[in-house]
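So you know, we letter chains A, B, ... as the sequences are listed, proteins then strands, and number each from 1.
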Amino acid sequence: MTKDFLRDLNPAQLEAVKFIEGPELVLAGAGSGKTKVLTYRVAYLVSAGVSLHNILCLTFTNKAANEMRTRINKMLGIEETNKRTFNTWIGTFHSLFGKILRVESKNIGYGQNFSIYDEDDSLKKVREILKERNLAEEVYAPAAIRSRISKLKNAVILPSQFEQTAKSRLDEVTADIYTTYEDRLKKNNSMDFDDLLIKPILLFNRNRESLERYQDRFRFILVDEYQDTNRAQYVLLKLLSEKHRNLCVVGDDAQSIYSWRGAELQNILDFQSDYPDCKVFRLEQNYRSTGKILKAANSLIVHNKRKLDKELWTENLDGDNLTVIEAESDRDEGYKIVQKIRNESVKEKLQLKDFVVLFRTNYQSRALEEAFNRGGIPYLIIGGLAFYKRKEIKDLLAYLRLVVNQLDDESFMRVVNSPPRGVGDVTIDYLRNFATESNIALFNAADRVDEIPEIQPRQKGQLKLFSELIKKYVRLKDELSVSELTRSMTDELQFIRLLKDEGTPEARNRMENIQEFLAGIAEFQSDNPQGTLQDFLSEVTLVADVDRWDTQRNAVTLMTVHAAKGLEFPVVFVSGLEEGLFPLPAKEQNELEEERRLFYVAITRAKRKVYLSHARERYRFGKLSYQTQSRFLSEIESDLLELERSSRQAPQHTLWEDTNIVTSLTPSLDYLDSPLAKESDRQTEIKERRSIPKLRIGSIVRHEFFGEGKVIEVSGKGDNERVIVLFGANQKKQLMLRYANLTLVR
DNA sequence: TTAATTTGCACCTAC
DNA sequence: TGCAAATTAA
């Protein structure tokens, strides 16, 4: 095995890669080649004779895992004939330990076909228990209780332990709900996300033999983004590495941004005292950003007290100052960002996918989206309404989950009356009472509905039909492929027909989502010919929004700062730099420091240029609120900032009637070949005020991004007048004349 | 007893 | 603004 690849590394990276035996901490600043060290280290281990089979590599997202797997395979000359053939143990904590739990389920008293509950599911469960206890939701907010339970689990505190230390009434209630919640989940043969971490700990503590098996299996453990691990993950790593002690963790304390979900910065700060014989490496040379971007980031982060000593430096050119954009309103902010992207993409010869717009909270994406729609610039939103959280998708998933696991009451509740079957709250109550008394699952109660006298004949019939339907697919499960089963079920339930009948734009959108979902299943099937329905469901439940990101598409990316972790872009816009938004209101110093680290992460995503924008007023809770600029802006060394104040604001338009004009789903590769907008901002504004051409079917028009096309439909009057234009062979776009800037060619 | 409508409240971030 | 629970109509 040749080790030529080691030449690509700088001395610090090389040392970190070549250190094999014993615990290792790599403190790696932003853009210092963290991922590179991890991948090279795996390749190096293999070249030194370690079997891939003995390596466990934990990443923060599935996307990072896939990229790493591809890179390692490439370096080792492994052909990727089938994605799954070289299924090395690279993945997120949740997905890998989820897999282990499937194998070990009997050892912890679970069925192998357990469901995985997402946050929504567990919140519903908490609500249900509160209701049973007659506890008012106003006093005990279900979301707060759920979050407390989650935090306890992440901290590896069991119900019995918490009960003993309960100090307040709220603690007592939490302990009570927590106990019942655990009990209920087990009865449902279901686990929540936190269980995927805490259950393996329980397993390993109880079952030494199984622990040793995994210790010997994973003789080398590598962990990315160690600064964002929580207590449960820490314990898991400690258990697994105890025997061979080959634990290599990589992280950057300055980028710890997940304390709200239990991440403990202390894990990385304490690594040296936890593993006294550990070797520490520092990667401080940044390869990503310009000198000024890095300086700005450094000048910001010195305001934090709680951190390890480390100063990033770079040999890269100084580059431009960071530009501060002042906007009048959230609308205006979006407008100015779009104009900037329009100009910069031409001036700097950049593609749209070189730009990212970051924001602190998902709701900010709406105003931005509107601006991109209006400007006709293709964009992609990561997060927001996560695909798998959409109602229609969750419904379909619940049906599938019920087919796999009939004990899953949450899924039963979700779909028993959707599409409507005339089974309402009252009937469900009777059913639930019966289920509780007989100590059986809701599905089994539905099967024995004849034993429940209170339920009306009509409802009885419906419940029987429902139960038969599910049972039919339980039987078919082993005969049909995942894709066939889902398709046939969707057809039988008439999901698509019912939506078609609605005829509203929202229904159309839902239909498209279902189509996309079916296509997704087909893709899963071809990637995993052996994959079961259960495999599909676990995978789907554990994907993050970033995982679904199509990086090939040439479009501007819009996402939260959290989602941008680990990514890089030539040009980064950080929007909404206002007090109370970024930073969000912080109760304690710790929280403020995390906000600051979050801003640090945002800035350090950029290779060439950073824009920082804030608005004077912004809609929050549907009301206009006045905003002041973020303190973070004044914390950056002032001579690195450049103010751009433009008096020109977003043109005043009425609201869009149809937000579906150029949606995020619009394929936008054609943008590449079409002439770019050459006009300056000023001209654009004049253009928008220009009279709108009279168009008929058959008219040939020119759009600044899509090029020339033929009008195939005209509808609406006045401001609402819109056209459907066919660009190229099959690019149909619906455009609103008022905003589309079409010129009549003939 | 269910479906449709109104009102009431929420906006952090995510595996 | 936009969705989920409470209220009212059917």
Undergrad: Base, sugar-phosphate alone, or nothing: which one does Lys565(A) contact when heavy atoms must sit under 4.0 Å apart?
TA: nothing

Undergrad: Could you tell me how the ring of Phe536(A) sits relative to the ring of Phe517(A): parallel (under 30°), tilted (30 to 60°) or perpendicular (over 60°)?
TA: perpendicular

Undergrad: Can you measure Leu567(A) atom CG to dT13(B) atom C1' for me and round it to whole angstrom units?
TA: 15 Å

Undergrad: Between atom NZ in Lys460(A) and atom P in dT1(B), what is the gap in whole Å?
TA: 12 Å

Undergrad: Select base, sugar-phosphate, or nothing to describe what Asp425(A) touches, counting heavy atoms under 4.0 Å on all strands.
TA: sugar-phosphate

Undergrad: Can Tyr181(A) and Lys125(A) be said to form a side-chain contact (heavy atoms from CB on, under 4.5 Å), step by step?
TA: CA-CA 7 Å; Tyr181(A) 173 87; Lys125(A) 200 107 260 175; 4.0 Å; yes

Undergrad: Side chain of Lys391(A), heavy atoms from C-beta onward: which of dA14(B), dA4(C), dC12(B) has the nearest atom to it?
TA: dA4(C)

Undergrad: Within the 4.0 Å heavy-atom criterion, would you say Thr61(A) contacts the bases, only the backbone, or no part of the nucleic acid?
TA: nothing

Undergrad: Round to the nearest Å and state the distance from Phe599(A) atom CZ to dT13(B) atom P.
TA: 18 Å

Undergrad: Please determine if a side-chain N or O atom of Arg127(A) lies less than 4.0 Å away from the OP1 or OP2 oxygen of dA4(C).
TA: no

Undergrad: What nucleic acid atoms does Tyr619(A) come within less than 4.0 Å of, heavy atoms only: base, sugar-phosphate, or nothing?
TA: nothing

Undergrad: In whole angstrom, give the distance that lies between atom CG of Leu123(A) and atom P of dA4(C).
TA: 11 Å

Undergrad: Answer yes or no: side-chain N or O of Arg261(A) and base N or O of dT13(B) forming a donor-acceptor pair under 3.5 Å.
TA: no

Undergrad: Among dA3(B), dT13(B), dC15(B), find the nucleotide with the atom closest to the side chain of Pro420(A).
TA: dA3(B)

Undergrad: Is any side-chain N or O of Asn362(A) closer than 4.0 Å to OP1 or OP2 of dC11(B)?
TA: no

Undergrad: Could you check which of dT1(B), dA14(B), dT13(B) has an atom nearest any side-chain atom of Glu119(A)?
TA: dA14(B)

Undergrad: Can you find a heavy atom in the side chain of Gln462(A) that is under 4.5 Å from one in the side chain of Thr427(A)?
TA: no

Undergrad: Ignoring backbone atoms, test whether Asn154(A) places a side-chain nitrogen or oxygen under 4.0 Å from the OP1 or OP2 oxygen of dC15(B).
TA: no

Undergrad: Which nucleotide wins on minimum distance to the side chain of Arg366(A), given the candidates dG2(C), dC15(B), dT2(B)?
TA: dG2(C)

Undergrad: Can you identify which nucleotide, out of dC11(B), dT2(B), dA14(B), has its nearest atom closest to the Tyr363(A) side chain?
TA: dC11(B)

Undergrad: For the pair made of CG in Asp429(A) and C1' in dT2(B), what is the distance, rounded to whole Å?
TA: 13 Å

Undergrad: Under 3.5 Å, is there any donor-acceptor pair linking the side chain of Arg360(A) to the base of dC12(B)?
TA: yes

Undergrad: Look at Glu593(A) together with Arg306(A) and state whether they make a salt bridge at an N to O cut-off of under 4.0 Å.
TA: no

Undergrad: Is it true that Glu594(A) and Ser259(A) share a donor-acceptor pair across their side chains at a distance under 3.5 Å?
TA: yes

Undergrad: Look at the side chain of Gln364(A) against the base of dC11(B) and say whether a donor-acceptor pair falls under 3.5 Å; ignore hydrogens and angles.
TA: no

Undergrad: With a 4.0 Å cut-off, would you call Glu410(A) and Arg414(A) a salt bridge?
TA: no

Undergrad: Within the 4.0 Å heavy-atom criterion, would you say Phe582(A) contacts the bases, only the backbone, or no part of the nucleic acid?
TA: nothing

Undergrad: For dC15(B), does OP1 or OP2 lie under 4.0 Å from any side-chain N or O of Ser95(A)?
TA: no

Undergrad: Return the nearest nucleotide to the side chain of Thr92(A); candidates are dC12(B), dA14(B), dC15(B).
TA: dC15(B)

Undergrad: Does the plane of the ring in Phe372(A) sit parallel, tilted or perpendicular to the ring in Tyr379(A)? Use 30° and 60° as the thresholds.
TA: tilted

Undergrad: Report yes or no: is the ring centroid of Phe621(A) under 5.5 Å from the six-membered base ring centroid of dT1(C), with the two planes under 30 degrees?
TA: no

Undergrad: Starting at CG of Asn62(A) and ending at C1' of dC15(B), how long is that distance when rounded to a whole Å?
TA: 9 Å

Undergrad: Any salt bridge linking Arg366(A) with Asp330(A)? Criterion: basic side-chain nitrogen under 4.0 Å from a carboxylate oxygen.
TA: no

Undergrad: Look at all strands and tell whether Val423(A) reaches a base, only sugar-phosphate, or nothing, counting heavy atoms closer than 4.0 Å.
TA: sugar-phosphate

Undergrad: Expressed in whole Å, how much space separates the C1' atoms belonging to dA6(C) and dC11(B)?
TA: 23 Å

Undergrad: Measure from the side-chain heavy atoms of Thr427(A) and tell me the nearest of dT1(B), dA3(B), dC15(B).
TA: dT1(B)

Undergrad: Classify Phe93(A) by what it touches in the nucleic acid, base, sugar-phosphate, or nothing, heavy-atom distance under 4.0 Å.
TA: nothing

Undergrad: What integer distance in Å separates Ile116(A):CD1 from dC15(B):C1'?
TA: 11 Å

Undergrad: Under 4.0 Å from OP1 or OP2 of dA3(B): is there any side-chain N or O of Asn417(A) that close?
TA: yes

Undergrad: Reading DNA chain B from 5' onward, which residue's closest nucleotide shows up sooner: Ile455(A) or Leu598(A)?
TA: Ile455(A)

Undergrad: Nearest to the side chain of His562(A), heavy atoms from C-beta on, is which of dA3(B), dT2(B), dA14(B)?
TA: dA14(B)

Undergrad: Calculate the interatomic distance between Ile428(A) atom CD1 and dT2(B) atom P; express it in whole Å.
TA: 8 Å

